[in-house]
Asker: 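Before anything else, here's the structure in question.
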Amino acid sequence: MLFRNRFLLLLALAALLAFVSLSLQFFHLIPVSTAKNGVSSKSRKRIMPDPVTEPPVTDPVYEALLYCNIPSVAERSMEGHAPHHFKLVSVHVFIRHGDRYPLYVIPKTKRPEIDCTLVANRKPYHPKLEAFVSHMSKGSGASFESPLNSLPLYPNHPLCEMGELTQTGVVQHLQNGQLLRDIYLKKHKLLPNDWSADQLYLETTGKSRTLQSGLALLYGFLPDFDWKKIYFRHQPSALFCSGSCYCPVRNQYLEKEQRRQYLLRLKNSQLEKTYGEMAKIVDVPTKQLRAANPIDSMLCHLCHNVSFPCTRNGCVDMEHFKVIKTHQIEDERERREKKLYLGYSLLGAHPILNQTISRMQRATEGRKEELFALYSAHDVTLSPVLSALGLSEARFPRFAARLIFELWQDREKPNEHSVRILYNGVDVTFHTSFCQDHHKRSPKPMCPFENLVRFVKRDMFVALGGSSTNYYDACHREGF
């Protein structure tokens, strides 16, 4: 009886609390979150820093670890999200290569001892790693555009070579590929089971790390693919500008941007002091130390949990790293404000964006070729594209970053097509300059394809100022 009375008392108390809570909400004494256009505030991820989950002030070590992109549990992503009456038509993926060994060495110090062989019992690991190595060993007869056919298909040096993809880099893109497979193939059936070579478009620069990253993603996406169906095209330029690389005005923007970087560095006395301290430790002139771009090597130490180098004069330490990384972050902030990099980006990214919308337009016409496009590239490829799209707040491309364009068809209105833009799994469609106002007028969670076409064909040139209406004129305008 006592137990029953207690139960009834607790039940009555719970009912009373529920009534009080509802009453307070009714009279607006407890704020209730609202959303515009009836769309949940959680349905659209943000690329802006989140004050709840991120440090209240910029933390250089936190930012550096995000850049490392150390593989962990499977991440949540927004790729492939659309109303049920929309059909996925084509997908265009831009990636930065995965984690790599440094391109530079800190003078007079021992190189970080990183093993670039692929070993199953070493972290980070992926269930498809051994099968990937086995499949790559069968690809010696693969037909790639020269000079790609002379590159190794996977990293295999006990001590990494300069710039070589690491096991971490391979695992990063195996994860990317598997994630995209689950969404685009298993869920949306983008490609048929008997897919053909002409339904893929694959392009990479001539670096082994980009080819190997592309192959790792492709293996995660299409496990045990038929080598006869795979053809990687070679892109000589990191901007992927193909036959449209000559652009004098773009180069002038770049020169002014580099001048801005130089002047900002001169104003940073703490940075110069740090370079001086490090130069004394390794016993070289400060100018030589600075030219060796020490942050590149230091990031490798941090990402792989290897101690910073020491000499008989002392050790390079975390405080040195923080000063240099903080300057990088400040440089990115000023770069957004000055907008010289934006001018460079609009012209630098135009050729590849123009190629992308051309492929999309063919898909809207019902063509079944090149439904999945993959560009395996560099940070200096993705960064201008992000800037050109108006995603100025997006973080600098981390290792294995991915930028994806999705093309969708409305089944209820088959002549209408829409696009979604995603960066590292976050839907950034409505942060782009060509669609940031569209969601205020429409509840659809995507952007009309015509907006993207108009942006590439016209608005990119308008943003540059002047009277240019095409790429050639914008690249050659006088008086810049």
Asker: Are a donor atom and an acceptor atom from the side chains of Y275 and E277 found within less than 3.5 Å of each other?
Answerer: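 Distance-only check fails for Y275 and E277.
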Asker: Quick one: is the NZ or CZ of R398 closer than 6.0 Å to the six-membered ring centre of Y67, and within 45° of its axis?
Answerer: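 Judged by the rule, R398 and Y67 form no cation-pi pair.
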Asker: Are the gamma sulfurs of C247 and C241 separated by less than 2.5 Å?
Answerer: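 No - the two cysteines, C247 and C241, have SG atoms at least 2.5 Å from each other.
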Asker: Check whether the ring centres of W408 and H81 lie less than 6.0 Å apart, and answer yes or no.
Answerer: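 They do not qualify: ring centres at least 6.0 Å apart.
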Asker: Would Q436 and H431 count as having a side-chain donor-acceptor pair, cut-off 3.5 Å?
Answerer: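 Side-chain D/A pair, Q436 to H431: absent.
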Asker: Please find the pair of heavy atoms, one from Q212 and one from P155, that lie closest to each other, and give the distance.
Answerer: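 Minimum heavy-atom contact is OE1-CD, 3.3 Å.
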Asker: Taking atom types as modelled, is there a side-chain donor on R111 or Y101 under 3.5 Å from an acceptor on the other?
Answerer: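 There is such a pair (donor and acceptor under 3.5 Å, judged by atom type) between the side chains of R111 and Y101.
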Asker: Is there a side-chain contact between K339 and R336 (heavy atoms, below 4.5 Å)?
Answerer: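 Answer no - side chains too far apart.
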Asker: Do L202 and Y231 make a side-chain contact, defined as non-hydrogen atoms from C-beta onward lying under 4.5 Å apart?
Answerer: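 No. Closest side-chain heavy atoms not under 4.5 Å.
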Asker: Below 4.5 Å, heavy atoms only, C-beta onward: do Y246 and C475 meet side chain to side chain?
Answerer: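 Y246 vs C475: side chains apart.
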Asker: Can you confirm whether the side chains of S90 and H92 place a donor and an acceptor under 3.5 Å from each other?
Answerer: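 Short answer, yes.
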Asker: Tell me, do L289 and V282 make a side-chain contact under 4.5 Å, heavy atoms counted?
Answerer: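 Counting from C-beta outward, L289 and V282 do come under 4.5 Å.
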Asker: For Y125 and E130, test the side chains for any donor-to-acceptor distance below 3.5 angstrom and give the result as yes or no.
Answerer: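 Side chains of Y125 and E130: pair found under 3.5 Å.
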Asker: Going by atom types alone, do N156 and T117 pair a side-chain donor with an acceptor below 3.5 Å?
Answerer: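 The criterion, which ignores hydrogens and geometry beyond distance, is not satisfied for T117 and N156.
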Asker: Mark yes or no for whether T311, through its side chain, and I281, through its backbone, hold a donor-acceptor pair below 3.5 Å.
Answerer: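 Yes, T311 side chain to I281 backbone: donor-acceptor pair under 3.5 Å.
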Asker: Could you check whether H234 and S146, counting side-chain N and O atoms only, form a donor-acceptor pair closer than 3.5 Å?
Answerer: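 Per modelled atom types, S146 and H234 side chains form no pair under 3.5 Å.
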Asker: Is there side-chain contact between T381 and T205, with at least one heavy-atom pair below 4.5 Å?
Answerer: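 In short, these two side chains do not touch, never coming nearer than 4.5 Å.
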Asker: Assess the side chains of Y344 and Q252: does a donor N or O sit below 3.5 Å from an acceptor N or O?
Answerer: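 Their side chains do not contain a donor-acceptor pair, so the 3.5 Å distance test is not met.
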Asker: Is it true that D379 and H97 share a donor-acceptor pair across their side chains at a distance under 3.5 Å?
Answerer: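 No, no side-chain donor-acceptor contact under 3.5 Å.
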Asker: H350 vs F461 aromatic rings, parallel, tilted or perpendicular, using cut-offs 30° and 60°?
Answerer: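 Aromatic pair H350/F461 classed tilted.
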Asker: Give a yes-or-no answer on whether the side chains of E257 and Q261 include a donor-acceptor pair shorter than 3.5 Å.
Answerer: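 The answer is yes; a qualifying pair exists.
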Asker: Is the closest side-chain heavy-atom distance between S433 and F455 below 4.5 Å?
Answerer: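 Side chain of S433 against side chain of F455, heavy atoms only: contact under 4.5 Å found.
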Asker: Going by atom types only, do K457 and N470 share a side-chain donor-acceptor pair under 3.5 Å?
Answerer: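 On atom types as modelled, these side chains do not qualify, holding no pair under 3.5 Å.
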Asker: Determine whether a donor-acceptor pair (N or O, by modelled atom type, separation under 3.5 Å) exists between the side chain of Q178 and the backbone of F221.
Answerer: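 Judged by distance alone, no pair lies under 3.5 Å.
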Asker: Do I230 and L218 come within less than 4.5 Å of each other through their side chains, counting heavy atoms only?
Answerer: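 I230 reaches L218 side chain to side chain.
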Asker: Do R100's NZ or CZ and the ring of F399 fall within the cation-pi criteria of under 6.0 Å and 45°?
Answerer: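 Not satisfied by the 6.0 Å and 45° rule.
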Asker: As an exercise, state the distance from CG of L153 to OG of S140, rounded to the nearest 0.5 Å.
Answerer: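 If I round to the nearest 0.5 Å, the distance is 8.0 Å.
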Asker: Going by disulfide bond (SG atoms under 2.5 Å apart), name the residues that satisfy it together with C116, two or more places apart in sequence or in a different chain.
Answerer: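 Expected list: C160.
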Asker: Classify the side-chain pair Q270/H327 by whether it contains a donor and acceptor separated by less than 3.5 Å.
Answerer: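 Short answer, no.
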Asker: Could you check whether Y341 and Y253 have their ring centres less than 6.0 Å apart?
Answerer: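 Here the rings of Y341 and Y253 have centres that are no less than 6.0 Å from each other.
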Asker: Using distance alone, with no hydrogens and no angle criterion, decide if Q235 and T204 have a side-chain donor and acceptor under 3.5 Å apart.
Answerer: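 No, no side-chain donor-acceptor pair sits under 3.5 Å.
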Asker: Flag the pair L353 / L389 as yes when at least one side-chain heavy-atom distance between them is below 4.5 Å, and no otherwise.
Answerer: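 Yes, at least one pair of side-chain atoms sits under 4.5 Å.
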Asker: Short question: side chain of D317, backbone of H320 - any donor-acceptor pair under 3.5 Å?
Answerer: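 Yes, D317 side chain to H320 backbone: donor-acceptor pair under 3.5 Å.
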Asker: Roughly how far, to the nearest 0.5 Å, is the OG1 atom of T326 from the CG atom of L271?
Answerer: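 The OG1 atom of T326 is 10.0 Å from CG of L271, to the nearest 0.5 Å.
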Asker: Return the orientation label for the W227 and H135 ring planes: parallel under 30°, perpendicular over 60°, tilted otherwise.
Answerer: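 Geometry flag for H135 against W227: parallel rings.
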